[in-house]
Amino acid sequence: VRFLARLALAAGVSTAAALVLAHLLHGLTDTPPWPVAAVQAFAITLLDVVIFVVMARFLRLSEVTSVIDIVAGRLPSVRRG
């Protein structure tokens with residue numbers, strides 16, 4: 001139950017931040033052309049994911065951080081050559 005509460009908190013905070021950004025970007029232009037809308041959607045999604053991962057690490061959600069560690073371990077690194 002505590003895991004679900006912490007997961008809901010992380011998801012809620014990240015979604016709220018993404019919602020604020022979406023409202024700010026929507027206020028800039030009412031109907032943007034599709035390339036601008038695609039960049040806006042990418043920025044909103046990126047913010048949501050980054051804040052979720054930061055919150056997951058902060059709240060010590062080991063299930064989420066272990067998946068991130070696995071994915072990060074498979075990415076090419078400059079140090080590994």
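- By the criterion of side-chain heavy atoms lying less than 4.5 angstrom apart, applied directly or through intervening Ile, Leu, Val, Met, Phe, Trp or Tyr residues, Phe58 is grouped together with Leu4 in one hydrophobic cluster.
- The minimum heavy-atom distance linking Arg6 with Leu59 is given by the pair NH1-O, 2.9 Å.
- Nearest heavy atoms, Ala56 versus Ala10: N-CB, 4.4 Å.
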Inset, instruction - Might you work through the side chain to side chain contact (heavy atoms under 4.5 Å, CB included) test for Phe52 and Leu7, ending with a clear yes or no? - result: CA-CA 9 Å; Phe52 178 77; Leu7 184 64; 3.7 Å; yes

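- Between Val50 and the choices Leu46, Leu47, Val53, Asp48, the side-chain contact (heavy atoms from CB on, under 4.5 Å) rule is met once, by Leu46.
- Heavy-atom neighbours of Phe3 CZ from other residues, nucleotides or ligands within 6.0 Å: above the threshold of 12.
- Between the OG1 atom of Thr15 and the CD1 atom of Ile44 there is a distance of 12.0 Å, given to the nearest 0.5 Å.
- Summarising the geometry, atom CG belonging to Leu28 is positioned 13.0 Å from atom NE2 belonging to His23; distances are rounded to the nearest 0.5 Å.
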Legend entry - Trace of the side chain to side chain contact (heavy atoms under 4.5 Å, CB included) decision for Gln40 with Thr29: CA-CA 11 Å; Gln40 288 177 348; Thr29 176; 4.1 Å; yes

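- The hydrophobic clustering, which links ILVMFWY residues whose side-chain heavy atoms are closer than 4.5 Å, places Val71 and Leu61 apart.
- Side-chain N or O atoms of Thr65 include one that pairs as donor or acceptor with a backbone N or O of Ser62 at under 3.5 Å.
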